[in-house]
Amino acid sequence: MKLTVASALLAIVGSASAFSAAPSASGSGSALRSTPTATETYTFTKSEEIFAEAKELMPGGVSSPVRAFKSVGGNPVVFDKVKGAYAWDVDGNKYIDYVGTWGPAILGHADDDVLDAVKATMDKVFIWTKPRRIAGTSFGAPCPLENVLAKAVIDAVPSVEMVRFTNSGTEACMGMIRLCRAYTGREKVIKFEGCYHGHADAFLVQAGSGVATLGLPDSPGVPGSATKATLCAEYNNLDSVKALFDENKDEIAAVILEPVVGNSGFIKPDKEFLQGIRDLCTDNGAVCVFDEVMTGFRVSYGGAQGYFGVTPDVTTMGKVIGGGLPVGAYGGKKEIMEMVAPAGPMYQAGTLSGNPLAMTAGIETMKKLSQDGVYEELERKSKKLVDGIVATAEKHGLPISGDYAGGMFGWYFVEGPVKNFAKAATSDAELFGKWHRAMLERGVYLAPSLYEAGFMSLAHTDEDIERTIEIADEVMSQL
Ligand SMILES: Cc1ncc(COP(=O)(O)O)c(C=O)c1O
């Protein structure tokens, strides 16, 4: 007999933990364990049970590959709830979380104002004597909240004059590349080794992140015809881009890049590299695309283009602009965006795109991010963490190089500088796996792959960062 959804949930997580009230931001929920002392490490009995069952139900037990911890060894922990800078697993273990749901949680998890605004959107109108929720979760029709978020994005991001909302970064990048091809009437696209632009067929070439984590060269199932027009250059190497332009005169529709790489670990661009790409695109009639799905509203309010002062023609976004709900977007010069249907002939659509809940979460998040000093504070904290980790590694004689921009950071267990994917891949993967597990067992949740960046939030306190460095000191002394 089939279980109902409710009884299946209860069977899996037990009655208490799944349905107990959200813990306070300080993490003082009574049934919850706080981070362990130096000598104590966590146990993961319930996580193991749930993950074992998940593997029978979903490929690899997960809904997205890197979550499975394949490259760091051991099983993932199964989350129960999140608040502020913290996550709790189903065993009640508390973590200082530097993954932040892979970037969106820039205010900290479950921000009260975002949650209140989402609830208010759902419960918009009360009718008659009986409260009735009539605002709903999706209209599939125009809604004024789309205008509000669109205006916020256009005001903030230098290259964006018009925007189309989607439900994910993958959709945004897929739509964008179709748009670049439609606009230029050309097919070839230059991307960079180790840059990830979602899982659309054309981008699954040297795609960093999940693909590199699993050691897959490219994904089976992607037809050769889909990637034939995708050319790969080396990050921070302008000559490699020039060579491709020379070999493919008047054939390049676009150059797409992560303007700070977060899918090969964390790699900053040289300013001349970004400007050089911009200029090469202008000189060759190609569209310059910054994929700011990760960096948008993360490294500065104007994204990486605001941070470095280099403006592309068009931009893809996601993560932060959804405030924790599924949103992506692409935008750019009006002249290009007006090619998108129904203003123009380039087709792209989405049933849930622009839904009121996701728009609301994005709007509330942007309100907070637009305040003075937010990004200075995020960068101060990222620097404090990276400096602390680098100094600790050096103290223990471990090779290390680290860097940060706004609320995004990373480090490699290799001497720097790391300027491209090939160098990132020389980082010690075995050491990283041991480090990751030992930090996890002591209450620090880091991305389970050396090919991922870390994310700071406004909710992380100086004490959280100092505690993280203390734990790192203990762990590194044993590596
Ligand atoms: C730079 C970049 N582009 C695109 C994507 C794809 O976004 P999504 O996972 O929302 O489809 C990601 C996801 O991590 C990303 O980091």
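Note that ligands are numbered from 1 as they come in the structure, with each ligand's atoms numbered from 1 the same way. For clarity, every value in this text was computed on a predicted model and none was experimentally measured.
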**Request:** Would you please say whether a donor-acceptor pair under 3.5 Å links the side chains of S159 and T315?
**Result:** yes
**Asked** Salt-bridged, D113 to K367, with N to O below 4.0 Å?
**Response** no
**Prompt:** In ligand 1, which numbered atoms sit nearer than 4.0 Å to a non-hydrogen atom of G169?
**Reply:** 6 (C), 7 (O), 8 (P), 10 (O), 11 (O)
**Message:** Heavy-atom contact check, 4.0 Å cutoff: does E171 meet ligand 1?
**Reply:** no
**Prompt:** For ligand 1, which atoms sit closer than 4.0 Å to a heavy atom of S168?
**Reply:** 10 (O), 11 (O)
**Request:** Give a yes or no on whether a salt bridge exists between R186 and E251, defined as a side-chain N under 4.0 angstrom from a carboxylate O.
**Result:** no
**Message:** Is there a polar contact between ligand 1 and E258, counting only N or O atoms under 3.5 Å apart?
**Reply:** no
**Asked** Aromatic rings Y98 and F409: how do their planes relate, parallel, tilted or perpendicular, breaks at 30° and 60°?
**Response** perpendicular
**Message:** For Y196, state whether at least one heavy atom is located under 4.0 Å from any atom of ligand 1.
**Reply:** yes
**Location of contacts on N263 toward ligand 1, heavy atoms closer than 4.0 Å** = side chain
**Residues K94 and D89 bridged, charged N to O under 4.0 Å** = no
**Request:** Looking only at distances, please establish whether an N/O atom of ligand 1 is found under 3.5 Å from an N/O atom of K319.
**Result:** yes
**Fill in**
In ligand 1, the atoms that come under 4.0 Å of a heavy atom of T170 are 6 (C), 7 (O), 8 (P), 11 (O)
**Prompt:** When you look for heavy atoms under 4.0 Å from ligand 1, do you find them on the side chain of E292, its backbone, both, or neither?
**Reply:** neither
**Message:** Tell me whether K191 is salt-bridged to D291, with the criterion being a basic N under 4.0 Å from an acidic carboxylate O.
**Reply:** no
**Atoms in ligand 1 flagged as close to M294, the criterion being non-hydrogen separation under 4.0 Å** = 16 (O)
**Asked** Between D313 and R278, is there a side-chain N and carboxylate O pair less than 4.0 Å apart?
**Response** yes
**Prompt:** In ligand 1, which numbered atoms sit nearer than 4.0 Å to a non-hydrogen atom of D291?
**Reply:** 1 (C), 2 (C), 3 (N), 4 (C)
**Prompt:** So does K434 pair up with E430, basic N to acidic O under 4.0 Å?
**Reply:** yes
**Asked** For atom 5 (C) of ligand 1, which of V260, V293, V327, T295 has the closest heavy atom?
**Response** V293
